[in-house]
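In the text below, chain A, chain B and the rest are named by the order of the sequence lines, each starting its count at 1.
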Amino acid sequence: MNSAFILSLLKGLWGTIVLSLLTFLFGGLIGFVIALARISPIAAVSRAAAAYIEITQGLPLLVLMGLCFYGPSIFGYDSFSPLAAATFALTLYASAYLGEIWRGCIQAVAKPQWEAAECLGFTRWQRMRAVILPQALRIAIPPTVGFMVQIVKNTSIASLVVGYAELSYNAKIINNATFQPFLYFGIAALMYFAICYPLSVQSRALERKLNVGHR
Amino acid sequence: MTYQFDFGAVLAYWPLLLEGIWTTLRLTFFSTVFGILIGAFCAVIRTGGSSWARAVISLYVEFIRNTPLLVQAYFLIFGIASLGIRLPILVGATIALTVNIGAYTTEIVRAGIESIHRGQLEAATCLGLSRTQTYLHVVIRPALERVYPALSSQYVLLMLASSIVSSVGVEELFGMSNRIQSETFRNFEIFVVLGIIYLLLAMLVRTGFTLLGLAMFPRRRKLGTSL
């Protein structure tokens, strides 16, 4: 074991964290729009959102990475940097899943709440903003935290097609030099575990806590 | 836009693509079979075994579910190789995928087992069924039926995720892209073609699971309702 290798793994860990945060930020923004589009009363909008979710969830993340990495240069843009391409692909991926999760949460708000808001003469946006979304947020927190685990794990795929240097990429490089797979992939796995496990535990705890009213 | 798309150049490699599809389906099939066996076994222990066995299983489940498949595949496949054991790469990939999906299956089946009502178990005891009979007919089968939708979407995801083992040199569908890429330089077209094939495969696997469900669970076939 060599301190330079450990340093390199830590650097990779930082790359993983940066990519995860960017993905969560952009994926969350677009996912929110998708969730709203999915429950839109305009059939075309809701069907378009459904198709987006269906297609994105039916593609392996690796294929999305490839499309996002090689696609922009074809349409006349300069080639994306590995980080930009990875963020782009993971954003598509995360937005489809988050959109579907949040749609469920919005629709899980009890029906009388929607009706009451309507009776009070709220407009559609007022109803969403003041009545439905605050309650949906409460339902949405546990599954969203749970999905963060998926995001962190899936950033590892950014090391393949686009070659973004994150934790598993650096671990692979070190393994190529030392050929001690159990040691270095083991440490890398523990680092992922150190991020993901607390999130999983938190998600379950929040579910128990926020679910009190439904028990 | 000046780029000329050339899908023909990629489609000319259809025998390679077909071979890749075949390998992907085989990988998915074997990991599914072993995954369900391991998952059902571990779920039974997780719900009724001794406390240390439960601890071991939950350690396995938590560790697999909180680390990426890619790192697990590297760890297992390169790890086994570093011990001097030579396995065919497809076997190694199947092991990695099975270890991974087994943990997810355990969690899903456990939820199914926990949803079986106590009264069912008491009824089985009253009818004089042995422990094995009770587990097979009263616990596992209805549990699987109840969580079947969740299981089948997990296995569709497994099929998509099997593309990851291309990174250790398995020439399944995604792995073929490297070869075609280096001969045609049609990077974008390759990924479009792969995307369409994967969408169709996902539909195929999902349909397969629906049909299998109808064959396995007569209640669904005869009454048209789920548990």
On a heavy-atom basis, which atom in [X] and which in [Y] lie closest, and how many Å separate them?
X: B:Ser166; Y: A:Leu62; answer: OG-CD1, 4.2 Å
X: B:Asn66; Y: A:Lys153; answer: C-CD, 4.1 Å
X: A:Leu160; Y: B:Leu70; answer: CD1-CD1, 4.0 Å
X: B:Ala202; Y: A:Gly58; answer: CB-O, 4.3 Å

What part of [X] gets closer than 4.5 Å to chain B, counting heavy atoms only: side chain, backbone, both or neither?
X: A:Val152; result: neither
X: A:Ser159; result: side chain
X: A:Ala171; result: neither
X: A:Ile55; result: both

Rounded distance [0.5 Å steps], [atom1] in [X] versus [atom2] in [Y]:
X: B:Phe63; Y: A:Leu190; atom1: CZ; atom2: CG; value: 4.5 Å
X: A:Ile157; Y: B:Leu69; atom1: CD1; atom2: CG; value: 7.5 Å
X: B:Ile190; Y: A:Leu67; atom1: CD1; atom2: CG; value: 11.0 Å

CA sep, side-chain torsions, deciding dist, call: A:Asn175, B:Tyr74, side-chain contact (heavy atoms from CB on, under 4.5 Å): CA-CA 10 Å; A:Asn175 179 56; B:Tyr74 283 158; over 6 Å; no
Ionic contact status for A:Arg204 with B:Glu107, cut-off 4.0 Å: no
Max heavy-atom pair count under 4.5 Å with chain B, selected residue of A:Cys196, A:Gly66, A:Pro60: A:Pro60
Any side-chain heavy-atom pair from [X] and [Y] closer than 4.5 angstrom?
X: B:Val71; Y: A:Phe193; value: no
X: B:Ser163; Y: A:Val63; value: no
X: A:Leu59; Y: B:Leu160; value: no

Apply side-chain contact (heavy atoms from CB on, under 4.5 Å) to the pair B:Thr67 and A:Phe185, showing each step before the final yes or no. CA-CA 11 Å; B:Thr67 50; A:Phe185 291 127; over 6 Å; no
Might you confirm whether atom OH of B:Tyr148 has over 12 heavy atoms from other residues, nucleotides or ligands at distances under 6.0 Å? yes
A:Phe179 atom CZ: more than 12 heavy-atom contacts under 6.0 Å: yes
Evaluate the ring planes of B:Phe191 and A:Tyr70, with Trp represented by its six-membered ring, and classify them as parallel (under 30°), tilted (30 to 60°) or perpendicular (over 60°). parallel
Select one option (side chain, backbone, both, neither) describing which atoms of B:Leu173 are under 4.5 Å from chain A's heavy atoms. neither
Which region of B:Val156, side chain (C-beta onward) or backbone (N, CA, C, O), has a non-hydrogen atom less than 4.5 Å from a non-hydrogen atom of chain A, or is it both or neither? neither
Candidate pair A:Phe182 and B:Leu83, rule side-chain contact (heavy atoms from CB on, under 4.5 Å), full reasoning: CA-CA 10 Å; A:Phe182 284 129; B:Leu83 294 178; 3.8 Å; yes
Would you check, one step at a time, whether the test salt bridge (charged side-chain N to carboxylate O under 4.0 Å, His left out) holds for A:Glu54 with B:Arg206? CA-CA 13 Å; A:Glu54 193 71 17; B:Arg206 200 166 289 141; 3.7 Å; yes
